[in-house]
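Each remark here refers to the structure printed beneath this line.
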Amino acid sequence: QVQLVESGGGLVQAGGSLRLSCATSGRTFGSYGMGWFRQAPGKEREFVAAISGIRGDTYYPDSVKGRFTISRDNAKNTVYLQMNSLKPEDTGVYYCAAALGVVPTMTAHVSDWGRGTQVTVFS
């Protein structure tokens, strides 16, 4: 089990950038695959990005590929999501996610969720 706390969300104009951080309290952070999901009102929670444990292999859906970058610093027990070229459709609550033994590209993989941070992109 790991506790996750997101930060860095906010209001940003279309085309702008935000960097989200997810601080964890897990003592075996490197054993977890980490990911980001987002949820807009009335929509299902969707996969945004994921990164594997030690190797740091990354995964993205086509909707964000080339714009978003996930990274992790195992020494700091922190995962990041750099979001560039933001679009209004990127608006939603962004959740950090952890999964033990798997890279979380689906909600069913997730063992622990953060409480979320709001990202609002206006045009």
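This chain uses plain numbering: 1 for the first residue, then up along the sequence. Basis for what follows: all heavy atoms, side chains included, without hydrogens, waters or symmetry-related copies.
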Using a 6.0 Å cut-off, check whether atom CD of Glu89 has over 12 heavy atoms from anything other than its own residue. yes
Could you name each residue pair satisfying side chain to side chain donor-acceptor pair (under 3.5 Å) that touches residues 33-43, not counting sequence neighbours? Arg38-Glu46, Arg38-Asp90, Arg38-Tyr94, Gln39-Arg45
Using the side chain to side chain donor-acceptor pair (under 3.5 Å) rule, collect all pairs that involve residues 6-21, keeping only residues at least two apart or in two chains. Ser17-Asn84
Check whether any side-chain heavy atom of [X] lies under 4.5 Å from a side-chain heavy atom of [Y], and answer yes or no.
X: Asp57; Y: Val103; result: no
X: Asp112; Y: Thr24; result: no
X: Tyr95; Y: Leu4; result: no
X: Trp113; Y: Thr107; result: yes
X: Arg67; Y: Tyr60; result: no

Show the nearest heavy-atom pair for residues [X] and [Y], with the distance to one decimal.
X: Val79; Y: Phe29; value: N-CZ, 4.4 Å
X: Ala97; Y: Pro104; value: O-CG, 4.4 Å
X: Ala99; Y: Ser111; value: CA-OG, 3.6 Å
X: Asn74; Y: Asn77; value: O-OD1, 2.9 Å

Would you kindly confirm whether [X] and [Y] end up in one hydrophobic cluster when ILVMFWY residues are joined by side chain heavy atoms under 4.5 Å apart?
X: Tyr59; Y: Ile70; answer: no
X: Leu81; Y: Val64; answer: yes
X: Phe68; Y: Leu18; answer: yes
X: Ile51; Y: Val110; answer: no

Only pairs at least two apart or in different chains count here, so list each disulfide (SG to SG under 2.5 Å) that has a residue in residues 31-68.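 Residue pairs with at least one partner in residues 31-68: there are none.
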Not counting sequence neighbours, list each pair that qualifies as a disulfide (SG to SG under 2.5 Å) and has a residue in residues 91-123. Cys22-Cys96
The side chain to side chain contact (heavy atoms under 4.5 Å, CB included) partners of Gln118 (sequence neighbours excluded) come to Thr91, Val93, Thr120
For Ser31, the side chain to side chain contact (heavy atoms under 4.5 Å, CB included) test, sequence neighbours excluded, returns Thr28, Leu100
Judged by atom type as modelled, is there a donor-acceptor pair below 3.5 Å linking the side chain of Arg72 to the main-chain atoms of Gly33? no
